[in-house]
Chemist: 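Can you keep this structure in mind? I'll have questions shortly.
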Amino acid sequence: MLDNFSKDVSIIILSWKDTWLLHDWFDVFLKFQTSTSPSVEVFVCDNGSNDPEFDRVVQKYAKAGNFHFFKNQENEFIPAINRFVPMAQGKYIMLAAPGAPFLTDVIGNLKEFLDKNQDAGAVSAKFYNPDLTFQNVYKKHLNLFSELFEGRIFMTRKLGLHFLKFFNNFSTIKDGLDPQEPFLVEKTHLCAFMLRRETLNDEPLIEPKIPLGPCDGDLCQRIYKKGFKIYCVPGARCLHHRAVSVSQHGRDMMYKYANLGTLAYFKKYHPFQFILLKLLHIIDQYVQHRRLSK
C-alpha cells in the first residue's frame with residue numbers, strides 16, 4: 001500500500017505567533033530543492049494566531065511549490081497536526097517548524113537513511129544553536145527521576161541541580177560530545193522529524209490528551225514500543241530557535257498544559273509512578289501557594 005503514495009515526503013508545519021520565521025524556512029527549503037530531490041508536499045497551518053503576516057506568506061510562496069496553506073480559527077495546540085495526516089500523500093511524513101530552517105539537504109538525508117535502514121521508525125535532524133554550536137536536545141525517555149530533577153516540581157529542582165553534577169543529565173548524548181555519525185536517540189523535538197507510516201497504524205500521530213508537554217516523548221515512546229528505533233542523522237543539519245512559539249503561551253498556560261500533559265504521559269506509560277507524581281504535584285502546589293501568600 002505504501003508504494004501507492006504519490007509523493008516521497010509529506011511535511012506538516014504548525015505556526016502560532018512565529019509566522020515571520022516561515023519566510024526563512026521556505027527560502028532555505030527551496031534552496032535545496034533540485035531536479036533530483038525527493039518529491040515533497042508541504043502543509044502549513046496558522047494554528048489560531050490570526051497573524052496577517054500569514055497571508056503575506058501564502059501570497060509569496062503558494063505557487064513556488066506543492067504547498068498547501070490552512071488556518072485554524074482557534075489554537076488547537078500540537079494535536080492540530082493530526083488533521084493533515086489523512087491528506088498527506090507522502091510515503092514518509094515529516095514534522096517541521098518555522099523556527100527550524102535547514103542548514104543542509106535535510107529532507108534528502110533523512111529520507112535516504114530511512115530507505116536504507118529498515119529498523120529505523122523515525123529520524124531526526126541534528127540541531128544547532130544560532131551560533132552554530134551543537135544543540136543537545138536528545139533526551140532519554142521520560143521517567144520519574146527526570147521529572148523530579150528536570151521537571152516542574154519546584155521543591156525537587158534545587159536538589160536536581162546538585163544531582164546532575166554527579167550523574168547523567170538524562171540526555172542520550174553526554175554533554176560536551178558532538179557526534180559526527182548517526183546515533184540512536186530515545187526522544188527528540190518534532191521540528192525536523194521524519195517517520196514511517198507503519199509506526200502509526202490507526203493511531204493519531206499526536207496524542208490528543210497531551211496537547212503540550214511531552215507529546216514528542218509520547219510519539220517517540222510509541223515508535224519504540226512498535227519495535228522500531230529512532231536515529232539522529234548528522235548530515236541533516238537544522239538551525240533551531242528554541243521555544244519561539246511555545247514561550248508565547250504565557251507562563252501560567254505553559255505550566256498548566258505541561259503539567260497536564262506530563263501527568264497524562266505517566267498515567268499512560270507509568271501508572272504506578274503516576275500516582276506518586278500526582279501526589280508530589282499537589283504537595284508542591286500547596287507549598288508554592290503558602291510561600292507566595294506570606
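All residue numbers refer to positions in the sequence shown, counting from 1. The model shown is predicted, which means the values in this text are computed figures rather than measured ones.
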Chemist: I'd like to know if Ile78 and Val137 are part of one continuous hydrophobic network [Ile/Leu/Val/Met/Phe/Trp/Tyr, side-chain heavy atoms within less than 4.5 Å].
Modeler: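 Yes, Val137 and Ile78 fall within the same hydrophobic cluster.
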
Chemist: Closest heavy-atom contact between Phe84 and Ile12?
Modeler: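 Shortest heavy-atom separation between Phe84 and Ile12 comes out as CB-CD1, 4.0 Å.
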
Chemist: Which heavy atom of Asn82 sits nearest to which heavy atom of Pro204, and what is that distance?
Modeler: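 In terms of heavy atoms, the two residues are closest at ND2-CB, 3.6 Å.
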
Chemist: Just by modelled atom types, is the Glu74 backbone N or O under 3.5 Å from a matching donor or acceptor in the Glu76 side chain?
Modeler: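 Not a single qualifying donor-acceptor pair exists.
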
Chemist: From His23 NE2 over to Lys60 NZ, what is the distance, rounded to the nearest 0.5 angstrom?
Modeler: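 So the gap between those two atoms works out to 5.5 Å.
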
Chemist: On the ring face of Phe102, is Arg237 found with NZ or CZ under 6.0 Å from the centre and within 45° of the axis?
Modeler: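 Output no; distance or angle outside limits.
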
Chemist: On a heavy-atom basis, which atom in Thr199 and which in Gly121 lie closest, and how many Å separate them?
Modeler: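 Thr199 and Gly121 have their closest heavy atoms at CG2-O, 3.6 Å.
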
Chemist: Are Tyr265 and Tyr269 near enough that their ring centres are under 6.0 Å apart?
Modeler: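 Tyr265 vs Tyr269: aromatic centres under 6.0 Å.
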
Chemist: Within the side chain of Asn75, is there an N or O that forms a donor-acceptor pair under 3.5 Å with the backbone of Phe77?
Modeler: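 Yes; at least one donor-acceptor contact below 3.5 Å.
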
Chemist: Could you tell me whether Glu186 and Lys139 make a salt bridge, using a distance below 4.0 angstrom between a side-chain N and a carboxylate O?
Modeler: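 No salt bridge links Glu186 with Lys139.
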
Chemist: Where do Tyr231 and Phe113 land on the ring-ring contact (aromatic ring centres under 6.0 Å, His included) test, with the steps shown first?
Modeler: CA-CA 9 Å; Tyr231 292 86; Phe113 192 92; 5.1 Å; yes

Chemist: If hydrophobic clusters are built from ILVMFWY residues whose side chains come within less than 4.5 Å, do Phe127 and Leu239 share one?
Modeler: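 No, because Phe127 and Leu239 fall into different hydrophobic clusters, even though each may have its own neighbours under 4.5 Å.
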
Chemist: Below 30° counts as parallel, above 60° as perpendicular, anything between as tilted: where do the rings of Tyr224 and His141 land?
Modeler: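 Because their plane-to-plane angle is over 60°, the rings of Tyr224 and His141 count as perpendicular.
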
Chemist: State whether Glu198 and Lys226 are salt-bridged, where the test is any N-O pair (Lys NZ or Arg NE/NH1/NH2 against Asp/Glu carboxylate O) under 4.0 Å.
Modeler: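 Between Lys226 and Glu198 there is no salt bridge, as every charged N stays at least 4.0 Å from the carboxylate O atoms.
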
Chemist: Look at the side chain of Asn117 and the backbone N and O of Asp119, then say whether any donor-acceptor pair between them is shorter than 3.5 Å.
Modeler: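 Not at all, since once roles are kept as given, no pair shorter than 3.5 Å links the two residues.
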
Chemist: Compare every heavy atom of Met87 with every heavy atom of Phe70, then report the nearest pair and how far apart it is.
Modeler: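 Closest heavy-atom pair between Phe70 and Met87: CZ-SD, 4.0 Å.
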
Chemist: Answer with yes or no after comparing the ring centroid distance for His270 and Phe274 against a 6.0 Å cut-off, counting only values under it.
Modeler: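 No, the ring of His270 stays outside the 6.0 Å limit from the ring of Phe274, centre to centre.
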
Chemist: Determine the interplanar angle of the Phe134 and Tyr128 rings, folded into 0 to 90°, and report it as parallel if under 30°, tilted if 30 to 60°, perpendicular if over 60°.
Modeler: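 Phe134 and Tyr128: perpendicular rings.
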
Chemist: Checking the side chain of Ser10 only, and the main-chain atoms of Gln89 only, is there a donor and an acceptor separated by less than 3.5 Å?
Modeler: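 Checking the backbone N and O of Gln89 against the side chain of Ser10, a donor-acceptor pair under 3.5 Å is found.
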
Chemist: For atom CG of Asp131, decide whether the heavy atoms of other residues, nucleotides or ligands shown that lie under 6.0 angstrom number more than 12.
Modeler: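 Enclosed.
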
Chemist: Grab the two heavy atoms, one from Ala125 and one from Val106, that are nearest each other, plus how far apart they are.
Modeler: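 Smallest heavy-atom distance, with atoms named: CB-CG1, 4.2 Å.
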
Chemist: For the residue pair Phe29 and Trp25, does the interplanar ring angle fall in the parallel (under 30°), tilted (30 to 60°) or perpendicular (over 60°) class?
Modeler: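 Phe29 and Trp25: parallel rings.
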
Chemist: Between Tyr92 and Asp115, does any side-chain donor sit less than 3.5 Å from a side-chain acceptor?
Modeler: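 Note: Tyr92 and Asp115 side chains meet the donor-acceptor criterion.
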
Chemist: Treating Ile, Leu, Val, Met, Phe, Trp and Tyr as nodes and any side-chain heavy-atom pair under 4.5 angstrom as an edge, say whether Leu103 and Leu22 lie in one connected cluster.
Modeler: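 Hydrophobic grouping puts Leu103 apart from Leu22.
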
Chemist: Quick check: does any side chain N or O of Thr104 sit under 3.5 Å from a backbone N or O of Gly235, one acting as donor and the other as acceptor?
Modeler: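 Answer holds: yes.
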
Chemist: Within this structure, what is the SG-CG distance for the pair Cys220 and Leu190, rounded to the nearest 0.5 Å?
Modeler: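 It is 6.0 Å, given to the nearest 0.5 Å.
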
Chemist: Using 0.5 Å steps for rounding, measure from the CD1 atom of Ile11 to the CD atom of Glu41.
Modeler: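 Reported to 0.5 Å precision, the distance equals 9.0 Å.
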
Chemist: Output, in order, the C-alpha distance, side-chain angles, deciding distance and verdict of salt bridge (Lys or Arg N to Asp or Glu O under 4.0 Å) for Arg222 and Asp218.
Modeler: CA-CA 6 Å; Arg222 282 188 278 138; Asp218 173 77; 2.9 Å; yes

Chemist: Measure the spacing between CD1 of Ile206 and CD1 of Ile81 and express it to the nearest 0.5 Å.
Modeler: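 Reported to 0.5 Å precision, the distance equals 4.5 Å.
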
Chemist: Looking at every non-hydrogen atom in both residues, tell me the closest pair between Ala192 and Met94 and how far apart they are.
Modeler: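 Minimum heavy-atom separation between Ala192 and Met94: CA-CE, 4.0 Å.
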
Chemist: Would you indicate whether Gln59, at its atom CD, is surrounded by more than 12 heavy atoms from other residues, nucleotides or ligands within a distance under 6.0 Å?
Modeler: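 For Gln59, atom CD is not crowded (no more than 12 foreign heavy atoms under 6.0 Å).
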
Chemist: Okay, side chain of Asn136, backbone of Ile173: is any donor-acceptor separation there less than 3.5 Å?
Modeler: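 Yes; at least one donor-acceptor contact below 3.5 Å.
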
Chemist: Check whether Asn129 reaches the backbone of Leu132 with its side chain - one donor and one acceptor, N or O, closer than 3.5 Å.
Modeler: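 Looks like no, no N/O pair under 3.5 Å.
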
Chemist: Decide side chain to side chain contact (heavy atoms under 4.5 Å, CB included) for Cys191 and His240; before the verdict, give the C-alpha distance in whole Å, the side-chain angles of both, and the deciding distance to 0.1 Å.
Modeler: CA-CA 8 Å; Cys191 48; His240 185 208; 3.5 Å; yes

Chemist: Answer with yes or no whether the side chains of Asp46 and Ser15 bring together a donor and an acceptor at under 3.5 Å.
Modeler: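 No - no donor-acceptor pair under 3.5 Å links their side chains.
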
Chemist: May I ask whether Val40 and Val123 are part of the same hydrophobic cluster, defined by side-chain heavy atoms of I, L, V, M, F, W, Y residues being less than 4.5 angstrom apart, directly or through others?
Modeler: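 Yes, because Val40 and Val123 connect within a single hydrophobic cluster, where side-chain heavy atoms sit under 4.5 Å apart.
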
Chemist: Sub-3.5 Å donor-acceptor pair from the side chain of Asp18 to the main-chain atoms of Trp16, do we have one?
Modeler: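 Yes, the answer is positive, given that a donor and an acceptor are paired below the 3.5 Å cut-off.
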
Chemist: Before giving the answer on side chain to side chain contact (heavy atoms under 4.5 Å, CB included), spell out for Ile93 and Arg197 the whole-Å C-alpha distance, their side-chain angles and the decisive distance to 0.1 Å.
Modeler: CA-CA 7 Å; Ile93 293 176; Arg197 287 179 176 267; 4.0 Å; yes

Chemist: Could you tell me whether the side chain of Met194 reaches within less than 4.5 Å of the side chain of Lys111, counting heavy atoms only?
Modeler: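 When only atoms from C-beta onward are counted, Met194 and Lys111 do touch, with a gap below 4.5 Å.
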
Chemist: Does a salt bridge link Lys126 with Asp178, judged by any charged N lying under 4.0 Å from a carboxylate O?
Modeler: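 Yes, charged N to carboxylate O under 4.0 Å.
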
Chemist: Is Lys229 atom NZ crowded by more than 12 heavy atoms from other residues, nucleotides or ligands, each under 6.0 Å away?
Modeler: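 It does not: Lys229 NZ has 12 such atoms or fewer within range.
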
Chemist: When you measure from the side chain of Arg196 to the backbone of Leu114, do you find a donor-acceptor pair of N or O atoms at a distance under 3.5 Å?
Modeler: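 Side chain of Arg196 to backbone of Leu114: a pair is present.
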
Chemist: If you round to the nearest 0.5 Å, how far is CG of Leu195 from CD1 of Ile230?
Modeler: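 Atom-to-atom, Ile230:CD1 and Leu195:CG are 9.0 Å apart.
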
Chemist: For salt bridge (Lys or Arg N to Asp or Glu O under 4.0 Å), just list the numbers for Asp51 and Lys17, CA-CA rounded to whole Å, side-chain angles, deciding distance to a tenth of an Å, and then say yes or no.
Modeler: CA-CA 7 Å; Asp51 186 346; Lys17 296 189 176 182; over 6 Å; no

Chemist: Quick one, Asp55 and Lys71 - any side-chain contact, counting heavy atoms below 4.5 Å?
Modeler: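 When only atoms from C-beta onward are counted, Lys71 and Asp55 do touch, with a gap below 4.5 Å.
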
Chemist: Tell me if the NZ atom of Lys209 is crowded by more than 12 foreign heavy atoms within 6.0 Å.
Modeler: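 It does not: Lys209 NZ has 12 such atoms or fewer within range.
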
Chemist: Check step by step if ring-ring contact (aromatic ring centres under 6.0 Å, His included) holds for Phe26 and Phe67.
Modeler: CA-CA 10 Å; Phe26 274 112; Phe67 305 148; 4.9 Å; yes

Chemist: Out of curiosity, Leu142 CG to Gln273 CD, how far, rounded to the nearest 0.5 Å?
Modeler: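 It comes to 9.0 Å.
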
Chemist: Does Arg56 count as lying over the ring of Tyr61, i.e. NZ or CZ under 6.0 Å from the six-ring centre, within 45 degrees of the axis?
Modeler: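 No, Arg56 and Tyr61 do not form such a contact.
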
Chemist: Check the orientation of Tyr138 and Phe183. Use parallel for under 30°, tilted for 30 to 60°, and perpendicular for over 60°.
Modeler: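 If you compare the ring of Tyr138 with that of Phe183, the planes turn out perpendicular.
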
